[in-house]
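Single-structure report; data block below.
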There are 2 protein chains.
Amino acid sequence: MATRTRRTERREEPLSRERIVEAAIELLDTAGEGGLTFRALSERLATGPGAIYWHVANKGELLGAATDAVVAAALTVDPAGAPPSPRDGIRLVALGLFEASEAHPWLATQLAAQLSRSPARTVAPRLFESIGRRVSDLGVPREDWFTAASALMHYILGAAGQNAANIAATRSLGPGEDRAGFLDAVSRAWEALDPDDYPFTRAVARQAREHDDRAQFLDGLGLVLDGVTAAAARPQA
Amino acid sequence: MATRTRRTERREEPLSRERIVEAAIELLDTAGEGGLTFRALSERLATGPGAIYWHVANKGELLGAATDAVVAAALTVDPAGAPPSPRDGIRLVALGLFEASEAHPWLATQLAAQLSRSPARTVAPRLFESIGRRVSDLGVPREDWFTAASALMHYILGAAGQNAANIAATRSLGPGEDRAGFLDAVSRAWEALDPDDYPFTRAVARQAREHDDRAQFLDGLGLVLDGVTAAAARPQA
DNA sequence: ACCTGAACACCGTTCAAGT
DNA sequence: ACCTGAACACCGTTCAAGT
């Protein structure tokens, strides 16, 4: 986000956990999950591999810190303007996460792992809190809070994860390939499926080609929100 | 599923892609994603690492084959009895996948990656077809098919992925730890959160402790299905 | 056709030694 | 307190050589 010009070296300021995490995120974004290496990282930071271990316990902790940093940034887009309705608030948080995991295709997988760590003081549970608070504002009965918030989280993480996998697959086709080309290829493959075995997938191939990722994510979120609020309106289970 | 007694060796019958995939699944299940190693695998099959490469191109292909085999098994539980309603059918398929990813915690992550491969002749798209066909049976208008089926897939994969992460986290606490102990720890951690910052998560801590994974998965699926069918009943967007 | 096993390049992590 | 860089054990993958 900040303006930077360096490429590989950046001497002067000493190593710090912050700089390491920042470099790790860049590496993850440009080279993928397999590209984050203590050697590549130390080269980028102009030091040796061992130096990093003074600031960070191991690779797992580094991935956790990178995930936290990115999610924290994604959750801080909001504040200005009038507070949105609960529904719009959820939409905003969800879209923020979706876009973050578009820019950082490794995010969704890491987040899923992160959410289940018991020491809940990382950023991941803040996401759950952020969704959940608006679920309660939506008028969902208290005994359904956990289920409703969980369902929304699952949808969001599932969609973000799928989108990230698509992006990774697009990239793996070669540097020249773009999203439209990838969708076109998928759509064509679907149209070539056996009509007896895959009638639905074939029927939907055209929609797959023409759909807009973000819009479709929000449409799907709308369906889940409809289900959640329908349950809120109903008297009792 | 079949009865077996061997531990590490099983000479006699020659190496085959099938036996390799079977051993890979066992390794994945017992030792986790990091436990699948060409060396561990070849030891288990009483051969050298190189032998495996005659039957399988590389590790990615091996993971893909393992995923396919497990999903195929999960999708074949159904046939007997009267054909269920579309809604029950989706529930059945979803629960099959949820349970499969409970037995194979590595499944959800792999499946997400698998679904975006363009050569769509693997088992993964069959899952999409299986869900989608019942979505159309549900009376969802044609132009919403893709969105509705995608939303269901995202929820299912997100929930399965989260569940798998929880299982992995439980195991990592030590071999003696069980699900109840893990939930208890998470719940306790949530209750210890700051009341100002985490009112919702705290309020929901007790439900988190007492919930049943499978039941909550189906409840959440019910919410999404409600949203999907509500859209079906509505006239036009 | 199928398997062996040494070898290559690379990985995460450690640690004595430096400043 | 912080960093260096060689070293260890391990990984995926290749390939000449065997049967």
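Basis for what follows: all heavy atoms, side chains included, without hydrogens, waters or symmetry-related copies. As the structure is a computational prediction, the values presented were derived from the model and not from experiment. Throughout, a chain's letter reflects where its sequence line sits, starting with A, and its residues are numbered from 1.
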Practice task
Name the residue closer to the 5' end of DNA chain C, choosing between G50(A) and G34(A) according to the nucleotide with the nearest heavy atom.
Solution key: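 Final value for this comparison: G34(A).
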
Counting side-chain heavy atoms from CB outward, which of [options] is closest to [X]?
| X | options | answer |
| --- | --- | --- |
| Y53(A) | dC11(C), dT14(C), dC2(D) | dT14(C) |
| P49(B) | dT13(D), dC11(D), dC3(D) | dT13(D) |
| T37(B) | dC11(D), dC3(D), dA7(D) | dC11(D) |
| A51(B) | dT4(C), dT13(D), dT13(C) | dT4(C) |

Would you mind reading off the distance between [X] atom [atom1] and [N] atom [atom2], rounded to a whole angstrom?
| X | N | atom1 | atom2 | answer |
| --- | --- | --- | --- | --- |
| F38(B) | dA7(C) | CZ | P | 21 Å |
| L27(A) | dC11(C) | CG | P | 11 Å |
| N58(A) | dT13(C) | CG | C1' | 9 Å |
| E61(B) | dT13(D) | CD | P | 11 Å |
| W54(B) | dC2(C) | CH2 | P | 4 Å |
| R39(B) | dG5(C) | CZ | C1' | 11 Å |
| L41(A) | dT4(D) | CG | P | 13 Å |
| K59(A) | dC10(D) | NZ | C1' | 14 Å |

Problem - Pair partner, dC8(D) [Watson-Crick or wobble, under 3.5 Å] - result: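 Pairing partner, where one exists within any strand: dG12(C).
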
Problem - Pair partner, dA17(C) [Watson-Crick or wobble, under 3.5 Å] - result: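 Its partner is none (no Watson-Crick or G-U wobble pair with both distances under 3.5 Å).
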
Handout entry: NZ/NE/NH1/NH2 to OD/OE distance under 4.0 Å, E129(B) and R133(B)
Key =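 Between R133(B) and E129(B) there is a salt bridge, with a charged N closer than 4.0 Å to a carboxylate O.
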
Exercise for the section: Please determine if a side-chain N or O atom of H55(A) lies less than 4.0 Å away from the OP1 or OP2 oxygen of dA1(D). Expected result: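 The answer is no; no side-chain N or O of H55(A) sits under 4.0 Å from OP1 or OP2.
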
Exercise for the section: Using only side-chain N and O atoms of T47(B), determine if any of them is under 4.0 Å from OP1 or OP2 of dT4(C). Expected result: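 Yes, within the criterion.
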
Problem - Heavy-atom closest contact (A208(B) atom, L183(B) atom, distance) - result: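 Shortest heavy-atom contact: O-CD2, 3.7 Å.
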
Practice task
Hey, which sits more toward the 5' end of DNA chain D by its nearest nucleotide, I52(A) or A40(B)?
Solution key: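 The residue mapped nearer the 5' terminus is I52(A).
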
Exercise for the section: Check for a donor-acceptor pair, side chain of R19(B) on one end and backbone N or O of P14(B) on the other, with a separation under 3.5 Å. Expected result: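 Present.
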
Practice task
Would you confirm whether R209(A), through its side chain, and A205(A), through its main-chain N or O, come within 3.5 Å as a donor-acceptor pair?
Solution key: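 Answer holds: no.
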
Practice task
Fit a plane to each ring of F146(A) and F128(A), take the angle between them on a 0 to 90° scale, and name the class: parallel (under 30°), tilted (30 to 60°) or perpendicular (over 60°).
Solution key: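 Perpendicular: the ring planes of F146(A) and F128(A) meet at over 60°.
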
